[in-house]
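Here is the structure we will look at.
Naming: A, B, ... by sequence-line order, numbering from 1 per chain. The shown structure was predicted, so the numbers you read here are calculated from the model rather than taken from an experiment.
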Number of protein chains: 2
Amino acid sequence: MALHDVPTLHGGCGDCPIRHRAVCARCDTDELAQLENIKYYRSYQAGQTVIWSGDKMDFVASVVTGIATLTQTMEDGRRQMVGLLLPSDFVGRPGRQTVAYDVTATTDLLMCCFRRKPFEEMMIATPHVGQRLLEMTLDELDAAREWMLLLGRKTAREKIASLLAIIARRDASLKLRDASKGPIVFDLPLTREEMADYLGLTLETVSRQVSALRRDGVIALEGKRHVIVNDLGRLLEEAGDDSDGGFLV
Amino acid sequence: MALHDVPTLHGGCGDCPIRHRAVCARCDTDELAQLENIKYYRSYQAGQTVIWSGDKMDFVASVVTGIATLTQTMEDGRRQMVGLLLPSDFVGRPGRQTVAYDVTATTDLLMCCFRRKPFEEMMIATPHVGQRLLEMTLDELDAAREWMLLLGRKTAREKIASLLAIIARRDASLKLRDASKGPIVFDLPLTREEMADYLGLTLETVSRQVSALRRDGVIALEGKRHVIVNDLGRLLEEAGDDSDGGFLV
DNA sequence: CGGGTGCTTGATGAATCTCAACAATCGTGG
DNA sequence: CCACGATTGTTGAGATTCATCAAGCACCCG
């Protein structure tokens, strides 16, 4: 859990890129000042483990930049990713010391951490943090249930298409592009193995199905990771989702 | 959504069987009185649909007695159960009008409903309801993630064993029996098809694996639904869980 | 250049689904 | 009370999907 250099930090919460989406989204200036008192930054390199399942966690945190994953592992080594943490997502559970999953940085990662005790006290004293956290947790629960449908019922091809569609949409929304027109272009933030862990497949099956989608013209690839989606509607069809249903991340 | 006779209702929240586990668990007498003003009961017969996915929901509710399920359905009819609602569990989402899943009563069901608007106002005014709801939602999220591991990585046999183990433990905890000694006996609250929908299997595979577990002496059956677990440790082994890990429902 | 990591592709086999027939159970009406 | 149909569950045979095992390619970095 060694730190390396903390990247250039901005002035304060006012400039924070996740200010309006994270657990602090609803806080007023007063509350923000309180949070600022108990916060500190940590950064992790791509591939580093943030916490091991079962470890004690003396802080809770928001992802500021980068991507982290939550994974569960069975005794014999089978692994299932149970969450993908994007900027503004929250890690840790107020009221519980230990964490139930391995948290790993898949890209370089910057986290905004709050010391557990003061954070919990603040949750009781000021309602805005708790309210926002409830909202975020309900969203995560919805996403987890969406994923249960994928894991339980979708074919390998549909699983791949679903994952690509989710990433494509998130990327489109971040770049404020209209997802309905023009190609969407993005880099996969996950290796084939990580995709397999997320989708409940083997890495070979992931590789085959990505190739198949490319062969069938659903997506185009440049190199291994750079994906071009010319027709999002087509991709969504392949994903087996209701045409425009689902959720934006 | 027709009602039939509402069962005999107790005096007030004081006698309520879910008083100390439901969303009202932390409320003091004052707050309880407020809730009492906006609450009403509804009951549903086994098999009845409580709400259809996409429908508008003008209330939120707690399950008082009985069991309900949350299921998602794909266009072509594939179904995945994404939640099993037991007494004290909460239905509905503050801040959102529509519901994302079909909610169905699998047994006769009694729900304690709160009108949405006043409930939301109360969530803002008094913190105890929101705090408890956050806690419950975090628990549900943990359970959903546990289920993702099951759906993504466990074999059919492990899935069945896991489901039986969860029901066995819950039953043991309700009856305050020591789960570690003596046989655990319970009735399955789900049909084979519902089990299949929960586990991401077909009903035929469920049937075969239940038979296999019986043949191998892991469980005993009387009729189709009545299950006897003589050795919970053995069942947990078959479930692929860490010996004593996991969560009590 | 060599070695490592990440990825692709092929051959084979196992787990699970699909289709199909049939058995057991339950409620209902004659 | 019994016969009937409807529902629920069991079992078998064959098809399909995906995992496993194995080989080799592409790229990056020292």
Tell me the interatomic distance from Leu199(A), atom CG, to dA19(D), atom C1', rounded to whole angstroms. 15 Å
Look at the side chain of Arg78(B) against the base of dT18(C) and say whether a donor-acceptor pair falls under 3.5 Å; ignore hydrogens and angles. no
In whole Å, I'd like the distance from the NZ atom of Lys224(B) to the P atom of dT7(D). 18 Å
Name every residue in residues 150-162 of chain A that has at least one heavy atom under 4.0 Å from any atom of DNA chain D, in order of residue number, or write none if there are no such residues. Thr155(A), Ala156(A)
Rounding to a whole Å, what distance do you find between Leu221(B):CG and dG9(D):P? 12 Å
Between Asp197(A) and Arg153(B) (salt bridge meaning N to carboxylate O under 4.0 Å), is one present in this structure? yes
Looking for any heavy atom pair under 4.0 Å, which part of the strands does Leu201(B) touch: base, sugar-phosphate only, or nothing? sugar-phosphate
Would you kindly compare Gly223(A) and Thr202(B) by the position of their nearest DNA chain C nucleotide and give the one closer to the 5′ end? Gly223(A)
How would you label the contact of Gly200(B) with the nucleic acid (heavy atoms, under 4.0 Å): base, sugar-phosphate, or nothing? sugar-phosphate
Between CG on residue Leu188(B) and CG on residue Leu221(B), distance to nearest 0.5 Å: 8.0 Å
Tell me the interatomic distance from Arg215(A), atom CZ, to dT8(C), atom C1', rounded to whole angstroms. 11 Å
Sorted by number, residues from residues 188-198 of chain A placing a heavy atom under 4.0 Å from DNA chain D are none
Length of the line joining His226(B):NE2 and dT25(C):P, which is rounded to integer Å: 15 Å
Please give, in whole Å, the distance from dT5(C) C1' to Arg225(A) CZ? 11 Å
Do the ring planes of Trp147(B) and Tyr198(B) sit parallel (below 30°), tilted (30 to 60°) or perpendicular (above 60°)? parallel
Between Arg21(B) and Asp89(B) (salt bridge meaning N to carboxylate O under 4.0 Å), is one present in this structure? no
Less than 4.0 Å between a side-chain N and a carboxylate O, is that true for Glu238(B) and Arg234(B)? yes
So which heavy atom on Leu201(A) is nearest to which on Ala156(A), and how close? CD2-CB, 4.0 Å
Take the protein atom CG of Leu203(A) and the nucleotide atom C1' of dC21(D), then report the distance between them rounded to whole Å. 12 Å
Yes or no on salt bridge (Lys or Arg N to Asp or Glu O under 4.0 Å) for Asp76(B) and Arg78(B), after CA distance, side-chain angles and deciding distance? CA-CA 6 Å; Asp76(B) 61 6; Arg78(B) 280 175 282 175; 2.9 Å; yes
With a 4.0 Å cutoff (strictly under), does any side-chain N or O of Ser207(B) reach OP1 or OP2 of dG9(D)? no
Without decimals, in angstroms, what is the distance between Leu213(A) CG and dT8(C) C1'? 15 Å
Salt-bridge test for Glu193(B) and Arg79(B): reply yes if a basic N is under 4.0 Å from a carboxylate O, no otherwise. no
Is the base of dC19(C) touched by the side chain of Glu204(B) through a donor-acceptor pair closer than 3.5 angstrom? yes
Rounded to the nearest 0.5 Å, what separates atom OG1 in Thr104(A) from atom CD1 in Ile67(A)? 13.0 Å
Base dG12(D) paired with Arg208(B) side chain (donor-acceptor, <3.5 Å): yes
Ring of Phe186(A), cation from Arg225(A) - is the NZ or CZ under 6.0 Å from the centre and inside 45° of the axis? no
I want to check one thing: is the phosphate of dT16(C), taken as OP1 and OP2, less than 4.0 Å away from some side-chain N or O of Thr205(B)? no
